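Nothing here was measured: the structure is a model prediction, and the numbers come from that model.
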Amino acid sequence: MHTPPGFTRRTFLRSTVLAALAPAARAASPHSSHGHIDAHVHVWTSDTHRYPLAPTFSRKDMAPPSFTPRQLFAHCHPSGVNRIVLIQMSFYQFDNRYMLDAIAQHPGVFRGVAIIDETKPRLRETMKTLARQGVRGFRLYADKAKVRAWRHSEGMKEIWAYAADANLSMCLLAEPAALPGVMEMCKAYPRTPVVIDHFARIGMKGPVRQRDLDRLCRLADFTHMHVKTSAFYALGAKKAPYTDLAPMIRRLRDAYGAPRLMWGSDCPFQVQDGHTYANSIALIRDRLDFLTAEDKRWMLGKTAEKVFFS
């Protein structure tokens, strides 16, 4: 979700073996409109010569040493997931090439959320170029101080304004304390699509706090706002079957409606330390009796398709 925890050796070996057994043709198969969409996955490679890490990162940060599309497919295909939104991995920083190459190598399977440097010139041209390569959103790290500074950043103003014109989403890795600032940005840029990752990390550092959830629900007033119900391994009790998160999901469904919610696994972090991909998707698909069949269709695919694949 933020700083990736390490894989156990057993988990990594199991993932690698499963990936090796997955048929290669399956990895390259065209998407099906009948499958689910995972709205939040990170991929990376151990090939740091071709895809170097940003200066502030080292190989020690790469845990596991790789999580390639092939390794991902071994987890997601058995659960009926055949399209995925890739989120640029932090240790590549502004170098989006590995994610872009994955998109190009698997036509129709991936869309991307890139990271760009707001201090650089020609931001609109950069965003246009990335959009032509399958990028449909831009990740922003949204703590309280950073969000407060956005209103004074000429680069950030340009990013938010152009995103509205091009229907590209601002994808926020936000913390609860940043939500009032996010609201101010939404007021300033009401046409800009926004996606909040991982419930705004409500419940990550302790119990779900009603005040934080109230703030997140108030953002539903902005019609271009969406929320990812994702990263279950890191929130609340942090233990499968994750049903302790049901009241928060129900509250968000009631506030936003299912067409503005989308499920994401946050792989590879969802598939370590005893957590599984199957348990993540099962929370939405099987374990919440207040979700209608139509709610599930939106949360497991139609919302992400509308935001990232249309």
Colleague: Under a 4.5 Å side-chain heavy-atom rule over Ile, Leu, Val, Met, Phe, Trp and Tyr, are Trp298 and Leu291 clustered together?
Modeller: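 In one cluster with Trp298: Leu291, no.
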
Colleague: Is it true that a side-chain atom of Gln88 and a backbone atom of Asp95 form a donor plus acceptor pair closer than 3.5 Å?
Modeller: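 Indeed, once roles are kept as given, a pair shorter than 3.5 Å links the two residues.
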
Colleague: How long is the straight-line distance from CG of Leu53 back to OG of Ser90, given to the nearest 0.5 Å?
Modeller: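 Here the rounded value is 10.0 Å.
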
Colleague: Given the rule in the side chain to side chain donor-acceptor pair (under 3.5 Å) test, do Lys157 and His152 qualify, once you have shown the distances and angles that lead to the verdict?
Modeller: CA-CA 8 Å; Lys157 293 176 185 178; His152 308 289; over 6 Å; no

Colleague: Using a 3.5 Å distance criterion without hydrogens, assess whether the side chain of Gln270 forms a donor-acceptor pair with backbone atoms of Thr276.
Modeller: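 Checking the backbone N and O of Thr276 against the side chain of Gln270, a donor-acceptor pair under 3.5 Å is found.
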
Colleague: To the nearest 0.5 Å, what is the distance between OH on Tyr162 and CG on Leu168?
Modeller: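 So the OH of Tyr162 and the CG of Leu168 are separated by 6.5 Å.
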
Colleague: Looking at every heavy atom in both Phe67 and Cys267, which two are closest together, and how far apart are they?
Modeller: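 So the minimum-distance heavy-atom pair works out to CE2-CB, 3.9 Å.
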
Colleague: Heavy atoms, side chains only, cut-off 4.5 Å: are Leu261 and Arg253 in contact?
Modeller: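 They are in contact (side-chain heavy atoms under 4.5 Å apart), so the answer is yes.
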
Colleague: Determine whether the side chains of Asn167 and Arg191 contain a donor N or O and an acceptor N or O closer than 3.5 Å.
Modeller: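 Note: Asn167 and Arg191 side chains miss the donor-acceptor criterion.
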
Colleague: Assess whether side-chain contact (heavy atoms from CB on, under 4.5 Å) is satisfied between Leu288 and Arg250, documenting all intermediate values.
Modeller: CA-CA 9 Å; Leu288 302 178; Arg250 185 168 193 163; over 6 Å; no

Colleague: Are Val81 and Phe269 connected in a single hydrophobic cluster, I mean Ile/Leu/Val/Met/Phe/Trp/Tyr linked by side-chain heavy atoms less than 4.5 Å apart?
Modeller: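 Same cluster.
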
Colleague: Start with the C-alpha gap between Ser230 and His40, add the side-chain angles, then the distance that decides, and say whether side chain to side chain donor-acceptor pair (under 3.5 Å) holds.
Modeller: CA-CA 8 Å; Ser230 52; His40 200 105; 5.2 Å; no

Colleague: Could you tell me whether the side chain of Ile116 reaches within less than 4.5 Å of the side chain of Leu123, counting heavy atoms only?
Modeller: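 Yes, side chains in contact.
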
Colleague: Would you please test Arg111 and Leu86 for side-chain contact (heavy atoms from CB on, under 4.5 Å) and show each step?
Modeller: CA-CA 6 Å; Arg111 291 293 183 268; Leu86 298 179; over 6 Å; no

Colleague: Please examine the side chains of Leu172 and Val194, heavy atoms only from C-beta on, and report whether any two atoms are closer than 4.5 Å.
Modeller: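 They are in contact (side-chain heavy atoms under 4.5 Å apart), so the answer is yes.
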
Colleague: Considering only NZ, NE, NH1 and NH2 on the basic side and carboxylate oxygens on the acidic side, decide whether Asp244 and Lys239 come within less than 4.0 Å.
Modeller: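 No, this pair does not count.
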
Colleague: What residues, two or more places apart in sequence or in another chain, satisfy salt bridge (charged side-chain N to carboxylate O under 4.0 Å, His left out) together with Glu158?
Modeller: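 Listed in chain order: Arg124.
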
Colleague: Check Val182 against Val147 and note the closest heavy-atom contact, atom names and distance.
Modeller: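 Between these two residues, the closest heavy atoms are N-CG1, 3.6 Å.
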
Colleague: Does the gap between the ring centers of Trp263 and Tyr277 come in under 6.0 Å?
Modeller: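 For Trp263 and Tyr277, the ring centres are under 6.0 Å apart.
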
Colleague: Is a donor from one side chain sitting under 3.5 angstrom from an acceptor on the other, for Lys306 and His226?
Modeller: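 There is such a pair (donor and acceptor under 3.5 Å, judged by atom type) between the side chains of Lys306 and His226.
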
Colleague: Parallel, tilted or perpendicular: which fits the ring planes of Tyr51 and Tyr98, with parallel below 30° and perpendicular above 60°?
Modeller: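 Plane angle over 60°, so perpendicular.
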
Colleague: Do Asp101 and Ile103 make a side-chain contact, defined as non-hydrogen atoms from C-beta onward lying under 4.5 Å apart?
Modeller: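 Not in contact.
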
Colleague: Output, in order, the C-alpha distance, side-chain angles, deciding distance and verdict of salt bridge (Lys or Arg N to Asp or Glu O under 4.0 Å) for Arg83 and Asp38.
Modeller: CA-CA 6 Å; Arg83 286 183 288 172; Asp38 187 336; over 6 Å; no

Colleague: Does any part of the side chain of Asp197, heavy atoms only, come nearer than 4.5 Å to the side chain of Arg139, both counted from C-beta?
Modeller: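 Side chain of Arg139 against side chain of Asp197, heavy atoms only: contact under 4.5 Å found.
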
Colleague: If you define the side chain from C-beta out and look only at heavy atoms, does anything of Tyr141 sit under 4.5 Å from Lys146?
Modeller: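 Yes, their side chains come closer than 4.5 Å.
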
Colleague: Answer yes if Leu245 and Leu252 sit in the same cluster of Ile, Leu, Val, Met, Phe, Trp and Tyr residues linked by side chain heavy atoms under 4.5 Å apart, and no otherwise.
Modeller: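 Linked within one cluster.
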
Colleague: Less than 4.0 angstrom from a charged side-chain N to a carboxylate O is my criterion; do Arg297 and Glu294 meet it?
Modeller: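 Yes, charged N to carboxylate O under 4.0 Å.
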
Colleague: Any chance you could lay out the salt bridge (Lys or Arg N to Asp or Glu O under 4.0 Å) test for Asp266 and Lys228, step after step, and finish with the verdict?
Modeller: CA-CA 10 Å; Asp266 196 24; Lys228 289 180 189 173; over 6 Å; no

Colleague: Step by step, work out the side-chain contact (heavy atoms from CB on, under 4.5 Å) result for Phe308 and Met262.
Modeller: CA-CA 11 Å; Phe308 294 109; Met262 62 186 88; 3.6 Å; yes

Colleague: With ring centroids as reference points, do Phe91 and Trp44 lie under 6.0 angstrom apart?
Modeller: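 Between Trp44 and Phe91, which both carry aromatic rings, the centre distance is below 6.0 Å.
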
Colleague: When you compare the side chain of Met248 with that of Ile202, does any pair of heavy atoms fall below 4.5 Å?
Modeller: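 Yes, side chains in contact.
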
Colleague: Salt bridge or not for Arg50 and Asp47, using N-O below 4.0 Å?
Modeller: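 Asp47 and Arg50: not salt-bridged.
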
Colleague: Hey, mind stepping through Lys302 and Glu305 against salt bridge (Lys or Arg N to Asp or Glu O under 4.0 Å) and telling me if it holds?
Modeller: CA-CA 5 Å; Lys302 290 173 65 177; Glu305 183 173 56; over 6 Å; no

Colleague: Measure the spacing between CE of Met127 and CZ of Arg132 and express it to the nearest 0.5 Å.
Modeller: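 So the gap between those two atoms works out to 13.0 Å.
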
Colleague: Nearest 0.5 angstrom please: Thr45 OG1 to Met89 CE, how far?
Modeller: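 Output value for this atom pair is 13.5 Å.
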
Colleague: Which atom names give the shortest non-hydrogen contact between Ala39 and Val85, and what distance separates them?
Modeller: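 Where Ala39 meets Val85 most closely, the heavy atoms are O-CB, 3.4 Å.
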
Colleague: What I'd like to find out is whether the side chain of Ser265 reaches to under 4.5 Å of the side chain of Val41, using heavy atoms alone.
Modeller: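 The answer is yes, as the side chains (C-beta and beyond) meet within the 4.5 Å cut-off.
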
Colleague: Look at the side-chain heavy atoms of Ile, Leu, Val, Met, Phe, Trp and Tyr, link any pair under 4.5 Å apart, and say whether Leu140 and Met225 land in one connected group.
Modeller: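 Yes, Leu140 connects to Met225 through the hydrophobic network.
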
Colleague: Please give me the minimum heavy-atom distance between Pro69 and Val43, naming the atom from each residue.
Modeller: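 Looks like N-CG1, 4.2 Å.
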
Colleague: Between Lys238 and Met204 (side chain of the first, backbone of the second, donor and acceptor by atom type, cut-off under 3.5 Å), is there such a pair?
Modeller: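 Yes; judged by distance alone, with no hydrogens or angles, the pair exists.
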
Colleague: Tell me which donor-acceptor pairs under 3.5 Å the side chains of residues 212-221 have, and how far apart each pair is, sequence neighbours excluded?
Modeller:
unit_1 : atom_1 : unit_2 : atom_2 : d
Asp212 : OD2    : Arg209 : NE     : 3.3
Asp214 : OD1    : Gln210 : NE2    : 3.2
Asp214 : OD1    : Arg251 : NH1    : 3.0
Asp214 : OD1    : Arg251 : NH2    : 2.9

Colleague: Could you tell me which non-hydrogen atom of Ser66 sits nearest to which non-hydrogen atom of Gln71, and how far apart they are?
Modeller: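 Result for this residue pair: OG-OE1, 3.0 Å.
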
Colleague: Measuring from atom OG of Ser280 to atom NE2 of His275, what distance do you get when rounded to the nearest 0.5 angstrom?
Modeller: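 If we round to the nearest 0.5 Å, Ser280:OG and His275:NE2 are 10.5 Å apart.
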
Colleague: Do Val227 and Leu283 belong to the same hydrophobic cluster, where Ile, Leu, Val, Met, Phe, Trp and Tyr are linked whenever their side-chain heavy atoms lie under 4.5 Å apart, directly or via other members?
Modeller: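 Yes.
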
Colleague: With side-chain contact (heavy atoms from CB on, under 4.5 Å) as the test, would you mind laying out the steps for Lys187 and Phe222 before giving the verdict?
Modeller: CA-CA 8 Å; Lys187 290 177 180 177; Phe222 300 97; 3.7 Å; yes

Colleague: Which atom names give the shortest non-hydrogen contact between His75 and Val271, and what distance separates them?
Modeller: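 Looking at all heavy atoms of both residues, the shortest contact is ND1-CG1, 3.8 Å.
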
Colleague: Please verify the inter-ring angle class for His77 with Phe73; under 30° counts as parallel, over 60° as perpendicular, anything in between as tilted.
Modeller: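 The rings of His77 and Phe73 lie parallel, inter-plane angle below 30°.
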
Colleague: Look at the rings of Phe232 and Tyr242 and say which category their plane angle falls in: under 30° parallel, 30 to 60° tilted, over 60° perpendicular.
Modeller: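 Ring orientation, 0 to 90° scale: tilted.
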
Colleague: Roughly how far, to the nearest 0.5 Å, is the CD atom of Gln133 from the CG atom of Asn96?
Modeller: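 One finds 9.0 Å between CG of Asn96 and CD of Gln133.
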
Colleague: Scan side-chain atoms only and decide if Arg260 and Thr303 contain a donor-acceptor pair under the 3.5 Å cut-off.
Modeller: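 There is no such pair (donor and acceptor under 3.5 Å, judged by atom type) between the side chains of Arg260 and Thr303.
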
